[in-house]
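Letters A, B, ... mirror the listed sequences (proteins, then strands); counts begin at 1. Because the structure is a prediction, the values reported are computed rather than measured.
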Amino acid sequence: MTAGRYNARLQPAGITRMRLSQFHLATVKEVPADAEIASHRLMLRAGMIRKLASGLYTWSPLGLRVLRKVENIVREEMNRAGAIEMLMPSIQPRELWDETGRWEKFGGQLLKIKDRKQQEFCYGPTHEEVITDFARNELKSYKQLPVNFYQIQTKFRDEIRPRFGVMRAREFLMKDAYSFHLTQESLAETYQVMYQTYTRIFTRLGLSFRAVQADTGAIGGNASHEFQVLADSGEDAIVFSDGSDYAANIEKAEALAPTMERPAATAVFSKVDTPSQKTIEDVAGFLGVSPQQCVKTLLVRGNGGLVALCVRGDHEINLVKAGKLDELPGESALASEDEILAATGTRPGFIGPAGLPPSIPVIVDRDAAVLADFVCGGNADGSHYIGTNWGRDARLTRIADLRNVVEGDHSPDGHGILHIARGIEVGHVFQLGQQYAEALKATVVDDQGKAQVMTMGCYGIGVSRIVAAAIEQRHDAAGIIWPEAMAPWRIAVCMINPRNAPEVSAAGEALYQSLIEGGIEAVLDDRGLRPGGMFADMELIGIPHRVVVSERGLAAGTLEYRARQDAESRAISHDELLGLLG
RNA sequence: CGGGGUAUAGCUCAGUCUGGUAGAGCGUUGCGUUUGGGACGCAAAAGUCGGGGGUUCGAAUCCCUCUGCCCCGACCA
């Protein structure tokens with residue numbers, strides 16, 4: 001690097017560095033074949049992130065600009081809602097995690113480390129332990145409640161399978177908030193405030209999203225909502241009604257009981273050969289019946305041996321719902337082929353409720369329970385039963401809601417029909433209750449002078465995931481289409497051939513300066529690239545507005561403007577441009 | 001943690017089956033010509049072929065082993 005070039009990079013203090021020649025923009029044309037989803041590909045191509053190791057990413061200057069935009073909006077809205085920012089260590093001592101029992105329970109996602117004295121620590125995947133420890137030391141009186149602490153900080157979860165870039169990274173940026181209350185009523189109030197705050201945040205970010213009821217999972221608790229960014233590539237299925245504001249994660253959504261009664265049995269119960277028909281579709285096709293007339297049976301590991309779960313052939317088992325059954329240990333794992341073979345003497349594909357060993361409870365979904373004369377597995381390789389009826393031919397231990405809702409089901413709130421969409425979970429609000437405060441003995445004195453265990457809520461936002469989710473929702477063949485609130489810059493000033501056209505260079509600089517002085521976040525592309533490369537870069541990195549300064553335009557006395565999603569550019573005046581950017 | 005794949009230049013990949021001088025495109029550097037949708041010419045730099053061991057006169061190539069990374073199954077912001 002020559003001395004001149006080096007000096008050119010030094011700028012007087014107070015002038016923002018937004019000339020691309022002095023920024024590190026590092027777009028690439030090619031991208032590793034293993035980047036599977038649009039956001040991962042585009043973030044790599046735009047040079048926003050670089051992979052350091054599996055699930056670990058460096059945020060480039062460009063990527064960080066976007067990340068900070070998200071972070072700042074989250075911070076502003078949390079502050080507006082009365083939450084108080086703080087910062088906790090990312091490394092946490094084992095003792096604290098022993099107090100809640102999560103050192104063992106958290107599982108492999110907890111990254112455990114030792115210091116030079118062989119003392120054990122973990123890299124924080126979440127901060128309930130640390131904040132509750134803070135609270136038990138700091139909060140003494142009910143008069144200090146309610147209070148809502150938050151931080152924006154790096155988390156580490158040793159995911160079994162990191163993927164999709166920063167969408168599911170091991171290290172990621174998260175905003176986590178924890179509120180403390182004397183009463184459940186107070187918690188419910190703050191929960192409402194956080195719900196509204198999250199709605200404001202995702203609205204400001206310019207994302208299409210839905211708040212959905214969520215399963216509270218193994219942690220328990222009273223209420224929980226997820227905030228899902230809508231995108232076809234989302235990993236979550238979300239359900240919403242067209243006749244009310246009901247919306248839920250499919251794991252949570254209740255499938256209403258059918259209104260019909262079970263018809264009387266008419267058919268003769270008999271076994272038929274179905275040599276290689278293992279799937280419901282195969283069997284239904286082979287026997288000439290519809291999948292709705294079949295019963296699908298899955299064996300899962302229960303508290304005391306295997307448990308059979310039955311749903312109608314066209315339905316899917318919901319393992320989260322199943323996990324709530326008394327017969328199951330909180331979470332449900334499918335039995336292995338060996339276990340199935342040992343318990344029933346047959347292989348998966350031919351299991352059915354009729355003739356199962358009496359030790360296996362048969363739990364039947366509400367829709368499967370109203371079937372009569374149905375087809376089910378014969379509990380012998382290569383055979384199925386036809387004309388099966390509950391009670392007469394097949395044992396039925398209990399009826400429960402076991403299935404995923406499907407498009408067209410009635411809404412559980414009684415209003416409207418359910419539809420299904422895909423979403424990316426970017427936020428989660430949760431009424432935790434007292435379990436952490438209890439475990440860590442976090443109490444305050446109430447107005448009677450008695451110690452009371454505090455009640456807690458927690459509220460998370462995946463800051464870095466939002467960046468990926470936004471791209472997933474908004475992109476085209478040319479690249480990213482940022483919402484204005486997330487864009488690294490709002491407008492790019494592109495100069496055509498500035499090196500050889502001093503008047504273009506001067507006019508571009510002047511326009512850039514006037515935009516900056518007008519408080520508009522602009523970037524000047526003074527790299528002197530050929531137009532094709534310059535335009536391709538600006539579209540790839542998703543700048544919402546573009547204005548071109550060229551000899552042609554200067555001669556005509558107009559600027560050439562194009563919004564990111566416009567098909568064509570158009571000539572406008574300087575004043576019009578300022579008006580557009582409001 | 002099971003199953004599958006992969007590792008060659010900064011990036012994307014050939015070359016491996018059939019052992020015999022290390023390749024291409026993109027990118028980078030220099031010079032020149034170019035400047036409205038990823039320009040062109042000439043020249044150049046750049047690789048302990050993931051690590052270790054073995055077979056062989058000779059290994060990117062065959063064998064063993066370790067490691068990283070990716071994909072399909074479990075949790076979550």
If we take the [atom1] atom in both [N] and [M], what is their distance in whole Å?
N       : M       : atom1 : answer
rU29(B) : rG10(B) : C1'   : 13 Å
rC11(B) : rA74(B) : C1'   : 34 Å
rA59(B) : rC17(B) : P     : 14 Å
rU18(B) : rC31(B) : P     : 50 Å
rA22(B) : rU28(B) : P     : 28 Å
rG47(B) : rG3(B)  : P     : 38 Å
rU8(B)  : rC13(B) : P     : 10 Å
rU65(B) : rU55(B) : C1'   : 15 Å

Of the nucleotides [options], which has the atom closest to the [X] side chain?
X       : options                   : result
S54(A)  : rC70(B), rU35(B), rA74(B) : rC70(B)
E30(A)  : rG25(B), rA74(B), rA77(B) : rG25(B)
I160(A) : rU35(B), rG38(B), rC1(B)  : rC1(B)
I496(A) : rC26(B), rC76(B), rU35(B) : rU35(B)
R157(A) : rG38(B), rC76(B), rC1(B)  : rC76(B)
K51(A)  : rC72(B), rC69(B), rA77(B) : rC69(B)

Mind checking if [X] touches a base, just sugar-phosphate, or nothing, with heavy atoms under 4.0 Å?
X       : answer
V426(A) : sugar-phosphate
N500(A) : base
R546(A) : base
D158(A) : nothing
E539(A) : base
A35(A)  : nothing
V463(A) : nothing

| Between rC72(B) and R163(A), is there an OP1 or OP2 to side-chain N/O distance shorter than 4.0 Å? |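 True: R163(A) side-chain N/O within range (under 4.0 Å) of rC72(B) OP1/OP2.
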Take atom [atom1] of [X] and atom [atom2] of [N], then tell me their distance rounded to the nearest Å.
X       : N       : atom1 : atom2 : answer
R45(A)  : rG27(B) : CZ    : P     : 13 Å
L52(A)  : rG68(B) : CG    : P     : 14 Å
L529(A) : rA39(B) : CG    : C1'   : 11 Å
E159(A) : rC1(B)  : CD    : P     : 16 Å
F164(A) : rC70(B) : CZ    : C1'   : 12 Å
R168(A) : rC72(B) : CZ    : P     : 11 Å
R161(A) : rG2(B)  : CZ    : C1'   : 13 Å
E36(A)  : rC72(B) : CD    : C1'   : 10 Å

G-U wobble or Watson-Crick pairing nucleotide for [N] (cut-off 3.5 Å, both distances):
N       : answer
rA59(B) : none
rU6(B)  : rG68(B)
rA77(B) : none
rG19(B) : none
rG41(B) : rC31(B)
rG47(B) : none

Within the modelled atom types, does a donor on one side and an acceptor on the other bring the side chain of [X] and the base of [N] under 3.5 Å apart?
X       : N       : value
R562(A) : rG37(B) : yes
R527(A) : rG38(B) : no
R530(A) : rC40(B) : no
R499(A) : rU35(B) : no

Charged N to carboxylate O under 4.0 angstrom, [X] versus [Y]?
X       : Y       : result
D215(A) : K321(A) : no
D476(A) : R564(A) : yes
R19(A)  : E509(A) : yes
R170(A) : E159(A) : no
E120(A) : K112(A) : no

| Given RNA chain B, 5'-ward residue of the pair E425(A) and S569(A), judged by closest heavy atom |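 Of the two residues, S569(A) wins.
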| query | Mapping L173(A) and V28(A) to their closest nucleotides on RNA chain B, which lands nearer the 5' end? | reply |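 Going by which nucleotide is closer to the 5' end, it is V28(A).
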| message | Does atom CD (E316(A)) have a neighbourhood of more than 12 heavy atoms from anything else shown, all under 6.0 Å? | response |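 Open: at most 12 neighbouring heavy atoms sit under 6.0 Å from CD of E316(A).
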| query | Does the aromatic ring of F172(A) sit over the six-membered base ring of rA77(B), closer than 5.5 Å centre to centre and tilted less than 30°? | reply |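 Per 5.5 Å and 30° rule: yes, stacked.
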| Taking atom CZ of R546(A) and atom OH of Y561(A), what is their separation to the nearest 0.5 Å? |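 Here the rounded value is 10.5 Å.
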| task | Classify the angle between the aromatic ring planes of H225(A) and Y191(A) as parallel (below 30°), tilted (30 to 60°) or perpendicular (above 60°). | result |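 Rings of H225(A) and Y191(A): tilted, as their planes differ by 30° to 60°.
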| task | Would you please say whether a donor-acceptor pair under 3.5 Å links the side chains of Q151(A) and D176(A)? | result |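 Yes.
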